[in-house]
Q: 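Sharing a structure with you now.
By convention in this document, chain letters (A, B, ...) are assigned in the order of the sequence lines, proteins followed by strands, and residues within each chain are numbered from 1.
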Number of protein chains: 2
Amino acid sequence: MTIYDISQKSGVSTATVSRVINGSNAVSKRTREKVLKVIADCGYTPNIFARGLGLNTMRVVGILCADISDPFMSQAISFLEKEIREQGYDVLLSCTGMEMKNRRKGLDLLLSKNVDGVIFVGSNYVEAERSENAYILEAADKAPMMILNGRLDGDNVYCVYCDDKAATMSATVWLLESGRRRVAYMFQSHSYSSLKKLEGYRQAYLNAGLSVDETLIIECGEEASIPDMMEGLSQAAAQGVVFDSVVTAVDGMAVAALKYAHSAGLEVPGDLEIIGFNNSPLCACTEPEITSVDNKLYSLCHTCVSTLMRVIVGEEQPKHSVFSSELILRGSTSRGKVIDG
Amino acid sequence: MTIYDISQKSGVSTATVSRVINGSNAVSKRTREKVLKVIADCGYTPNIFARGLGLNTMRVVGILCADISDPFMSQAISFLEKEIREQGYDVLLSCTGMEMKNRRKGLDLLLSKNVDGVIFVGSNYVEAERSENAYILEAADKAPMMILNGRLDGDNVYCVYCDDKAATMSATVWLLESGRRRVAYMFQSHSYSSLKKLEGYRQAYLNAGLSVDETLIIECGEEASIPDMMEGLSQAAAQGVVFDSVVTAVDGMAVAALKYAHSAGLEVPGDLEIIGFNNSPLCACTEPEITSVDNKLYSLCHTCVSTLMRVIVGEEQPKHSVFSSELILRGSTSRGKVIDG
DNA sequence: TTGTAGGCGTTATCAC
DNA sequence: GTGATAACGCCTACAA
């Protein structure tokens, strides 16, 4: 069943059928209805490949992420997919893990399918070191690159992110103002975002006129599991590091901190206050629930997609869209209003 | 840069270039090398749309799910995506929610992109009522339909699932054999899988020579949140329903049950034992951790993709692949070996 | 408002 | 082993 069959059955030319399909208004009402009826009767759908060949697009945007089984990423992708679909585009998904070689390959594969744009998901997907991101800058030649929760400057590269430095700073300040003096900071990756958060942590101490105790900065391996991270805290404690609160780079680490507290017989928030990052559903699964930095994921995703769509149609768009975070108070901190189950 | 340019620059025909690109061995070594060099020099890549038009495939499989932000689904999709990519196919993702109209539309959209196969993810995606699934049977005309964690019989429809009835039965039996007599069952959807689980719950009581108290079967709304589900248990308790343990249809409900216990001042597992379903990462985030039914998600996904690939190349394949589950013991139950943090 | 015809870039089928 | 050339199905000037 091709456009040619339809044109025959409805006694018009293929051009007219094409016009009807594409909603051109240069078709008489009578003709349109006649053709539409034949199309409906035959259950005809245009061949997407032929159309792609002519138009040089299949209306698809590629999404690249390290690991979709991560709750934060899957939440992001859930938002993105919905927005993208509403714009009449499809989503090609590629999960590459963190290995650079695979990230490159994933992007190339997406480009080889002539996607109309690429979205990089995950604060840890874009490296702090600019040279590491060269492959993205090159790719931007072929399609717009959208960086969600990361920063990268380049032609045809657009970033949508939360001010992570300010966010971690205010989380740390919150604890300092609650009277805590030994705020630990836990993090994993060396992404741009991760380093910004660390800066924010330091800034909070500096602004308070206090100096930073470097032993309070606890780094876990890139692939650390919950037990690994608990172990990290245990070891720090065993080595004499004293901390009365923890700020973490992601919620998963906050869960680990909570479980560490439980295993060490510490009461939360009395003995240990904990603040996570991302305000993911995980925060509502624990007891007590976890205070976390809401980095406005929905807004980020919405802006990301709408910016991309405008770029695709050739509109000038801001290279950076920056949102502010918000501290969502729950039971793992003691001061202020508490939202808990 | 087209295949024609390459043919000119290397002084051969487009046919030969095409042969080289596609690894045909009917090309002399000399010619091949010459062409390969030109291709490399020009950085030429074949136009994917033109190729799609000729071959009538773009090597893409569609994945359909209700909600990728659900940890279980995102884990499944993570596994599936990896396997699919290893087979040289790309993944087109569509999250449709549970509304039937949208599920239909999602499938149609995927089919209109001429995907080589469709995978339905999620035990609650395929309905118990066969007539509700008619749209899938029709679609099977155009591409193989793979049902992950659900059952549906039809031409070109393949199912890969865990024996949910047996799984829930053994979870319930486990509690009965621990001496519990008031095992509640919590569930949400009316999917095939969900009904099978309920059957398993009933069967456990029957096999033990006990009768089922229908008030112990607690149904939550399709879209119930954790607080909603906690409320469901509270209400049941308030209405005089006595239960000493809970089996749930998904882990999220087990989290809710745990939080209910906490709010009601019940000790877990002493006053209330809890068993979840799916063995998702959530189970390791709570205190105590949650005993859950492992339904062998990785194996399901692996088999699903390898079956699909074989179907695509025309091999005869089993219409049903059934796996057995396993109860993973953690701190929310009291008997036997406990894996906990 | 409608029709004709050429082009999009590959692959496949023939001959040679 | 290689080269012409005809599909593949749609879109879109350009003509009428």
Q: Establish, from distance only, whether the side-chain atoms of B:Ser193 and B:Ser191 form a donor-acceptor pair under 3.5 Å.
A: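 Looking only at side-chain atoms, B:Ser191 and B:Ser193 do not form any donor-acceptor pair under 3.5 Å.
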
Q: Could you tell me whether B:Glu99 and B:Lys105 make a salt bridge, using a distance below 4.0 angstrom between a side-chain N and a carboxylate O?
A: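 So B:Glu99 does not pair with B:Lys105 through a salt bridge.
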
Q: Is the shortest side-chain N/O distance from A:Tyr44 to OP1 or OP2 of D:dC10 below 4.0 Å?
A: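 Yes, A:Tyr44 has a side-chain N/O under 4.0 Å of OP1/OP2 on D:dC10.
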
Q: Want to settle it: does B:Ala26 or B:Gly54 sit nearer the 5' end of DNA chain D, counting the closest nucleotide to each?
A: B:Ala26

Q: How close or far is atom C1' of D:dG9 from atom CG of A:Leu53, stated in whole angstroms?
A: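 After rounding, the reported distance stands at 9 Å.
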
Q: Starting at OH of B:Tyr4 and ending at C1' of C:dG7, how long is that distance when rounded to a whole Å?
A: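 After rounding, the gap between these two atoms is 14 Å.
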
Q: Pick base, sugar-phosphate or nothing for B:Thr14, based on heavy-atom distances below 4.0 Å to the nucleic acid.
A: base

Q: Rounded to whole Å, please give me the gap between NZ in B:Lys34 and C1' in D:dT2.
A: 11 Å

Q: Let me know the distance between CD1 of B:Ile48 and P of C:dC8, rounded to the nearest Å.
A: 19 Å

Q: Checking side-chain polar atoms at under 3.5 Å, does B:Ser28 have a donor or acceptor matched by the opposite partner on B:Thr31?
A: yes

Q: Rounded to the nearest Å, what distance is computed from the CD1 atom of residue B:Ile6 to the P atom of nucleotide C:dT10?
A: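 Result: 9 Å.
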
Q: So A:Asn22, base contact, sugar-phosphate only, or nothing? Heavy-atom distance under 4.0 Å.
A: sugar-phosphate

Q: Specify the separation, in whole Å, of atom CD1 of A:Ile3 and atom P of C:dG6.
A: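 Atom CD1 in A:Ile3 sits about 18 Å away from atom P in C:dG6.
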
Q: Would you mind telling me which of C:dT2, C:dG9, D:dA4 lies closest to the side-chain atoms of B:Ala15?
A: D:dA4

Q: Ignoring the backbone of A:Thr31, work out which of D:dT2, C:dT1, D:dT12 is nearest its side chain.
A: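 Within the option list, the nearest is C:dT1.
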
Q: Looking at B:Ser13, I'd like to know whether one of its side-chain N or O atoms comes within less than 4.0 Å of OP1 or OP2 on D:dG3.
A: yes

Q: When you compare the side chains of A:Asn22 and A:Arg51, does any donor N or O come within less than 3.5 Å of an acceptor on the partner?
A: yes

Q: Nearest to the side chain of B:Thr16 - D:dT2, C:dA12, C:dT2?
A: D:dT2

Q: For A:Met58 and D:dC11, what is the distance between atoms CE and P respectively, to the nearest whole Å?
A: 14 Å

Q: Can you check the A:Arg51 CZ to C:dG7 C1' distance for me, whole Å?
A: 17 Å

Q: Report which part of the nucleic acid B:Ile21 touches: base, sugar-phosphate, or nothing (heavy-atom distance under 4.0 Å, all strands).
A: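 Here B:Ile21 touches no strand at all.
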
Q: Suppose we call a contact any N or O donor and acceptor under 3.5 Å apart; does that hold for the side chain of A:Arg19 and the base of C:dG3?
A: yes

Q: Say whether B:Asp164 and B:Asn295, considering side chains only, have a donor N or O and an acceptor N or O under 3.5 Å apart.
A: no

Q: What's A:Ser18 touching, base or sugar-phosphate or nothing? Going by heavy atoms closer than 4.0 Å.
A: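 Touches a base.
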
